[in-house]
Participant: 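Sharing a structure here in structure tokens format.
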There are 2 protein chains.
Amino acid sequence: MASISEIPDIVIGRLPIYLRALTQLIQQGQEITSSHELGQRLGISSAQIRKDLSHFGEFGKQGTGYQISHLQAQLKQILQVNREWPLVVVGAGDLGRAIAHYGGFVERGFRVVGLFDNDPAKIGTGAPDLKVKDIAEITDFVRERNIKIAMIAVPAEHAQAVCDTLVKAGVRAILNYAPITLTVPEGVHVQYIDPVTHLQRMTYYLD
Amino acid sequence: MASISEIPDIVIGRLPIYLRALTQLIQQGQEITSSHELGQRLGISSAQIRKDLSHFGEFGKQGTGYQISHLQAQLKQILQVNREWPLVVVGAGDLGRAIAHYGGFVERGFRVVGLFDNDPAKIGTGAPDLKVKDIAEITDFVRERNIKIAMIAVPAEHAQAVCDTLVKAGVRAILNYAPITLTVPEGVHVQYIDPVTHLQRMTYYLD
DNA sequence: TAGATTGTTAATCGATTAACAATC
DNA sequence: TAGATTGTTAATCGATTAACAATC
């Protein structure tokens, strides 16, 4: 088991995939799995799964495999999603509202606690428990609640400014839905969701 | 310039990122760039960018760099997005509707031409030009129009069945928003968008 | 010309896989 | 026990980077 600082980011990136697959197996009523079965489902070699897990400890039993609930609990702990992270969504357009009201976050470790926009026509509207707030209030909101995670769903031309504001307020992890690369200081993590880049990656292979 | 069949998928995956950055530079009024500048913006080494591009030809000029509009046109051609791909969205919940009405597809090579759901309460509703259609009609719809691309935004438990239907109808590229890994035959491409996996990848690094 | 940047080669670096002893 | 599967090592494979001749 290597020291934590040496674990490659590409390995960290696969852990949520493993976690998701384990949750699915549990829902199907299964209690035990193997690196082979998991690999087949995910299109990953069994050796890679065992190697990835070995960075963090020993979670299986020779001859048997892995108790799914146990491995799931371990992965949640490693990824720090055995708690609930509050997060804010910036941008209350179609996409921002859809994200903010998505029901699948809570069971996987996240809760949307604020939805912000700069459009006066939108501020105050929406579900009673998640009314759109004025973007001007976001710094205080994030600071007071010690929020570390945000999702950006504003037009591309405003994304960098929103990002800067969030970082200044203390946000350390950003999921960016705007189709631009953000510049952030060291220690701030950014992930990107741009459906078009995924589509373009596939059209290359189409006839 | 290597033969096309040898080009690593990881290289293909970076081309849409380059294309997106070039488009942004053009919008900012810039006409020439270099591998160094592009790399700085994207957090990628200049050597990697030059190496990636060299798989497809020579697009730059020594001492000068790249004419952005030319490189952009070349990348569009390589990725086959110098045309407009029709696609269907399956699932007319909050997320599916938000995706279907997203305005950013057309300028990047895609057009949503159909939105489907199995809920009678939803069928027939929505914008006049993109009314929700009955999922029962999707096979004919896809076949008749020779549609090759689909986005899946249905609950996880229905995603695999929808996927099977789409593939049988002729779809060859699927962007899946449901949080499960899909099983598809050889020759069918799948990309995944699951915001939670991205978030979980970042929480690992948070204090 | 002098300075800059490409395209490409070779070296380095890191990730994946094969194989197997350990052991349940 | 016999069969199965883990965790780990070493080998392989592939991707990234450094360096530089070519040349605009």
Side-chain angles (χ1 to χ4, degrees), chain A residues 1-18 21-22 25 30-75 78 201 204, chain B residues 1-18 21-22 25 30-75 78 201 204:
Chain A
M1 176 177 171
S3 103
I4 275 188
S5 62
E6 299 170 13
I7 297 169
D9 180 61
I10 197 166
V11 172
I12 304 303
R14 280 191 292 262
L15 298 187
I17 309 296
Y18 299 162
L22 292 173
L25 284 171
Q30 203 168 321
E31 295 188 353
I32 302 282
T33 190
S34 65
S35 59
H36 181 75
E37 180 183 50
L38 214 45
Q40 280 230 316
R41 287 205 164 220
L42 299 177
I44 292 177
S45 79
S46 62
Q48 177 155 90
I49 291 173
R50 294 198 302 278
K51 186 103 211 295
D52 284 351
L53 296 178
S54 76
H55 286 100
F56 304 96
E58 309 189 354
F59 307 117
K61 228 182 222 173
Q62 282 105 324
T64 309
Y66 302 90
Q67 195 193 338
I68 300 176
S69 61
H70 177 245
L71 183 54
Q72 182 193 44
Q74 295 293 308
L75 287 180
I78 292 164
R201 183 178 188 155
Y204 172 81
Chain B
M1 178 176 170
S3 105
I4 276 188
S5 63
E6 299 171 13
I7 297 169
D9 180 63
I10 197 165
V11 172
I12 304 303
R14 281 191 293 262
L15 299 186
I17 309 295
Y18 299 161
L22 293 172
L25 284 170
Q30 204 167 319
E31 295 188 353
I32 303 281
T33 191
S34 66
S35 58
H36 182 74
E37 180 182 51
L38 214 45
Q40 280 230 315
R41 286 205 166 220
L42 299 177
I44 291 176
S45 79
S46 63
Q48 178 155 89
I49 291 172
R50 294 198 303 279
K51 186 107 210 292
D52 284 352
L53 297 178
S54 76
H55 287 100
F56 304 96
E58 308 189 356
F59 308 116
K61 227 182 224 171
Q62 283 104 324
T64 309
Y66 302 90
Q67 195 192 338
I68 300 176
S69 61
H70 177 246
L71 183 53
Q72 183 194 41
Q74 295 294 309
L75 288 180
I78 293 164
R201 184 178 187 154
Y204 172 81

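Protein chains get the first letters and strands the later ones, always in sequence-line order, with residue 1 at the start of each.
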Participant: State whether A:Thr64 places a side-chain N or O below 4.0 Å from either non-bridging phosphate oxygen (OP1 or OP2) of D:dT5.
Facilitator: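 So the side-chain polar atoms of A:Thr64 never come under 4.0 Å of the phosphate oxygens OP1 or OP2 of D:dT5.
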
Participant: What is the distance, rounded to the nearest whole Å, between atom CD of B:Glu37 and atom P of C:dA4?
Facilitator: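 In whole Å, C:dA4 P and B:Glu37 CD are 15 Å from each other.
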
Participant: Show, in sequence, the C-alpha distance, side-chain angles and deciding distance for A:Leu22 and A:Leu38, and conclude whether the side chain to side chain contact (heavy atoms under 4.5 Å, CB included) test is met.
Facilitator: CA-CA 8 Å; A:Leu22 292 173; A:Leu38 214 45; 4.2 Å; yes

Participant: Is the phosphate of D:dC20 approached by B:Arg50 (side-chain N or O, under 4.0 Å from OP1 or OP2)?
Facilitator: no

Participant: Can you tell me the Watson-Crick or wobble partner of C:dG7, both distances under 3.5 angstrom?
Facilitator: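 Base partner found: D:dC20.
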
Participant: What's the spacing between A:Asp52 CG and A:Ile17 CD1 if we round to 0.5 Å?
Facilitator: 11.5 Å

Participant: Identify which nucleotide among C:dC24, C:dT17, C:dT5 has an atom closest to any side-chain atom of B:Ser34, counting heavy atoms from C-beta outward.
Facilitator: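 Comparing C:dC24, C:dT17, C:dT5 against the side chain of B:Ser34, the answer is C:dT5.
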
Participant: Calculate the interatomic distance between A:Ile7 atom CD1 and C:dT16 atom P; express it in whole Å.
Facilitator: 14 Å

Participant: Any idea which of C:dT6, D:dA15, C:dT16 is nearest the A:Gln48 side chain?
Facilitator: C:dT16

Participant: Counting only side-chain nitrogens and oxygens, does A:Ser35 get under 4.0 Å of the OP1 or OP2 atom of D:dT6?
Facilitator: yes

Participant: Choose from D:dT17, D:dG7, C:dT17 the nucleotide whose nearest atom is closest to any side-chain atom of A:Ser54.
Facilitator: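 Nucleotide nearest to A:Ser54's side chain: D:dG7.
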
Participant: Side chain of A:Gln62: nearest nucleotide among D:dA15, C:dG7, D:dT6?
Facilitator: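 Closest nucleotide among those given: D:dT6.
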
Participant: Do you know which two heavy atoms are closest between A:Ile32 and A:Glu37, and how far apart they sit?
Facilitator: O-OE1, 4.1 Å

Participant: Would you indicate whether B:Gln30, at its atom CD, is surrounded by more than 12 heavy atoms from other residues, nucleotides or ligands within a distance under 6.0 Å?
Facilitator: yes

Participant: Nearest to the side chain of B:Ile10 - D:dA15, C:dT5, C:dG7?
Facilitator: D:dA15

Participant: Could you state the interatomic distance from CG (B:Leu75) to CG (B:Leu53), rounded to the nearest 0.5 Å?
Facilitator: 6.5 Å

Participant: Can you tell me the distance, in whole Å, between the CG atom of A:Leu53 and the P atom of D:dG7?
Facilitator: 7 Å

Participant: Run through A:Arg50, A:Gln48, A:Lys51 and flag the one making a side-chain hydrogen bond (donor to acceptor under 3.5 Å, both in side chains) with A:Ser35.
Facilitator: A:Arg50

Participant: Just the rounded figure in Å: distance from P of C:dT17 to CD1 of A:Ile49.
Facilitator: 11 Å

Participant: Here's a test of your reading of the structure: between A:Lys61 and A:Ile44, which maps to the more 5' nucleotide of DNA chain C?
Facilitator: A:Ile44

Participant: Just compare D:dT5, D:dA19, D:dT9 and give me whichever is closest to any side-chain atom of A:Lys51.
Facilitator: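 Shortest atom-to-atom distance from the side chain points to D:dT9.
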
Participant: Between C:dT8 atom P and B:Phe56 atom CZ, what is the distance in whole Å?
Facilitator: 13 Å

Participant: Go ahead and name the base partner of D:dG14; Watson-Crick or wobble counts if both distances stay under 3.5 Å, otherwise write none.
Facilitator: C:dC13

Participant: Whole Å only: how far is the CD atom of B:Gln67 from the P atom of D:dC24?
Facilitator: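 Rounding to the nearest Å, CD of B:Gln67 and P of D:dC24 are 16 Å apart.
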
Participant: How many whole angstroms separate atom NE2 of A:His55 from atom P of C:dT16?
Facilitator: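 In whole Å, C:dT16 P and A:His55 NE2 are 10 Å from each other.
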
Participant: Rounding to a whole Å, what distance do you find between B:Gln40:CD and C:dT5:P?
Facilitator: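 The distance from CD of B:Gln40 to P of C:dT5 comes to 12 Å, rounded to the nearest Å.
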
Participant: Do the side-chain N or O atoms of A:Tyr66 get closer than 4.0 angstrom to the phosphate oxygens (OP1, OP2) of D:dA4?
Facilitator: no

